[in-house]
Asker: 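Okay, here's the structure, questions in a sec.
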Amino acid sequence: LVYSVESVLPDGGFLPDAAISPVVDIQRQRLEDGEKLVSEVAAEFGARGLVCTTQVVFGSPAHTITEVADKEGADLVVAGSGNKGAIESFIMGSVTRALVSAAHCSFLVGKNPVGVSQALSVLVATDHSDYASRCLARFASLAPTGIGKLTIVTADTMDPNVREAVDNAEGITHGEVLARKNETLKKSLLAVSKDIDCHVIAGSANDAIDEAMKLTRADLLIIGAQGHGFLERMVMGSTAMHMVGSAPWNVLVLRV
């Protein structure tokens with residue numbers, strides 16, 4: 001369990017504890033608040049049979065979380081997030097959005113509570129790239145439990161005019177090609193869930209995922225992300241960034 005104490009100074013720094021300043025008092029109070037919080041959560045985890053260690057660190061959350069995860073060799077980072085609009089997220093920033101670029105391991109962003117005893121309904125979004133395939137292979141290797149319904153969705157992002165030309169030339173539709181890939185992926189995920197559906201939805205990745213999440217009412221979206229630079233996100237956008245920062249559902253971002 002990691003609690004990050006953020007700086008109150010304009011330069012993002014921290015004053016030494018021996019300094020005489022109201023800022024030191026604020027830092028000290030935030031440190032105490034963090035230690036109390038992680039202690040309470042650790043006790044709650046302990047009551048459920050989960051043993052954990054705690055750390056309270058100074059620094060920006062995304063940086064410190066990533067640093068601790070790397071040091072501990074974590075397979076997964078779990079963070080909670082409040083939903084923000086696109087403009088608010090862009091202006092104010094977000095720890096979870098920063099993790100899309102900063103985290104070196106997979107991370108789970110929790111936005112909505114899910115019943116402890118219920119089987120999860122999960123939506124897996126994939127573009128069938130080599131990276132996405134490796135991410136889902138890694139997911140299966142973690143042997144997750146508690147998953148009931150699992151739905152695989154792929155966005156057919158090809159331009160409609162190009163798609164029609166390709167379909168006529170090859171004798172098999174592009175959608176059918178993607179559907180066959182979904183069926184192959186389905187076989188590799190049967191150890192995770194025996195109840196798997198597959199869908200191919202025409203449109204952008206964001207629109208296809210939005211439609212599928214609303215249709216299935218899934219508890220969790222699973223998606224792969226390689227991470228992108230700031231300029232690339234500004235120009236092209238990022239599906240993972242959108243889902244983590246603006247979408248209202250729980251998201252597991254896979255990274256290998």
Side-chain angles (χ1 to χ4, degrees), residues 1-114 116 220 225 227-230 233-234 238 240-255:
L1 295 173
V2 180
Y3 182 95
S4 181
V5 178
E6 295 187 76
S7 173
V8 296
L9 296 175
D11 63 357
F14 295 88
L15 294 179
D17 197 54
I20 306 299
S21 169
V23 172
V24 175
D25 294 334
I26 296 174
Q27 290 177 177
R28 189 178 298 114
Q29 184 60 55
R30 288 189 174 185
L31 178 65
E32 293 174 0
D33 291 343
E35 291 173 341
K36 179 181 179 182
L37 180 60
V38 294
S39 177
E40 292 173 350
V41 176
E44 182 177 344
F45 278 15
R48 299 189 181 195
L50 301 173
V51 180
C52 60
T53 60
T54 64
Q55 294 187 42
V56 179
V57 293
F58 288 98
S60 65
H63 174 75
T64 55
I65 290 171
T66 301
E67 191 175 64
V68 172
D70 289 346
K71 182 179 179 180
E72 297 292 332
D75 296 303
L76 179 70
V77 169
V78 181
S81 174
N83 291 317
K84 299 179 180 179
I87 294 177
E88 183 181 5
S89 294
F90 176 77
I91 294 175
M92 298 181 66
S94 162
V95 174
T96 51
R97 286 171 65 90
L99 283 172
V100 175
S101 296
H104 301 129
C105 64
S106 302
F107 59 95
L108 171 65
V109 180
K111 301 180 183 181
N112 305 300
V114 178
V116 176
L220 175 68
H228 302 285
F230 176 76
R233 293 199 303 272
M234 286 288 293
S238 165
M241 188 67 69
H242 169 72
M243 295 302 160
V244 168
S246 301
W249 34 71
N250 304 314
V251 184
L252 171 58
V253 179
L254 299 170
R255 184 159 281 155

Asker: Atom OH in Tyr3, atom CZ in Arg30: separation rounded to 0.5 Å?
Answerer: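 If I round to the nearest 0.5 Å, the distance is 7.5 Å.
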Asker: Are the side chain of Asn112 and the backbone N or O of Pro248 linked by a donor-acceptor pair below 3.5 Å?
Answerer: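 Between the backbone of Pro248 and the side chain of Asn112 there is a qualifying donor-acceptor contact (under 3.5 Å).
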Asker: Could you measure the distance from the CG atom of Leu254 to the CG atom of Leu108? Nearest 0.5 Å is fine.
Answerer: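 Going from CG on Leu254 over to CG on Leu108, the span is 10.0 Å.
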Asker: As an exercise, state the distance from SG of Cys105 to CG of Asp75, rounded to the nearest 0.5 Å.
Answerer: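 Interatomic distance, Cys105 SG to Asp75 CG, rounded to 0.5 Å: 7.5 Å.
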Asker: Using a 4.5 Å cut-off on heavy atoms from C-beta on, say whether the side chain of Val57 contacts that of Val2.
Answerer: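 Side chain of Val2 against side chain of Val57, heavy atoms only: contact under 4.5 Å found.
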Asker: Answer yes or no: is there a donor N or O on one side and an acceptor on the other, between the side chain of Ser39 and the main chain of Glu35, under 3.5 Å?
Answerer: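 Side chain of Ser39 to backbone of Glu35: no pair is present.
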Asker: Would you say CG of Leu50 has more than 12 non-hydrogen atoms from neighbouring residues, nucleotides or ligands within 6.0 angstrom?
Answerer: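 Yes.
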Asker: Find the distance between OG1 (Thr64) and CD (Glu6) and round it off to the nearest 0.5 Å.
Answerer: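 CD of Glu6 is found 8.5 Å from OG1 of Thr64.
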Asker: Please give me the minimum heavy-atom distance between Val77 and Ala69, naming the atom from each residue.
Answerer: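 In terms of heavy atoms, the two residues are closest at CG2-CB, 3.7 Å.
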Asker: Just wondering, do Val41 and Thr54 contact through their side chains at under 4.5 Å, heavy atoms?
Answerer: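 No; the side chains remain at least 4.5 Å from each other.
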Asker: So which heavy atom on Trp249 is nearest to which on Met243, and how close?
Answerer: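 For Trp249 versus Met243, the nearest heavy atoms are NE1-SD, 3.6 Å.
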Asker: Is the side chain of Ser60 donor-acceptor paired with the backbone N or O of Ala62 at a distance under 3.5 Å, no angle test?
Answerer: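 No.
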Asker: List in chain and number order the residues that pass side chain to side chain contact (heavy atoms under 4.5 Å, CB included) with Val24, two or more places apart in sequence or in another chain; answer none if no residue qualifies.
Answerer: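 With neighbours one apart ignored, the set is Leu15, Asp17, Ala19, Ser21, Arg28.
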Asker: Checking side-chain polar atoms at under 3.5 Å, does Asp33 have a donor or acceptor matched by the opposite partner on Gln29?
Answerer: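 Distance-only check passes for Asp33 and Gln29.
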Asker: Taking atom OG of Ser4 and atom CD of Gln55, what is their separation to the nearest 0.5 Å?
Answerer: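 Here the rounded value is 11.0 Å.
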Asker: Would you call Phe45 and Leu1 a side-chain contact if the rule is heavy atoms closer than 4.5 Å?
Answerer: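 Yes; the side chains approach each other to less than 4.5 Å.
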Asker: Say you draw a straight line from CG of Leu252 to CG of Leu76; how long is it, rounded to the nearest 0.5 Å?
Answerer: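 Result: 6.5 Å between the selected atoms.
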Asker: Of all the heavy-atom pairs spanning Val244 and Lys111, show the shortest one and how long it is.
Answerer: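 Closest pair (atom of Val244, atom of Lys111, distance): O-NZ, 2.8 Å.
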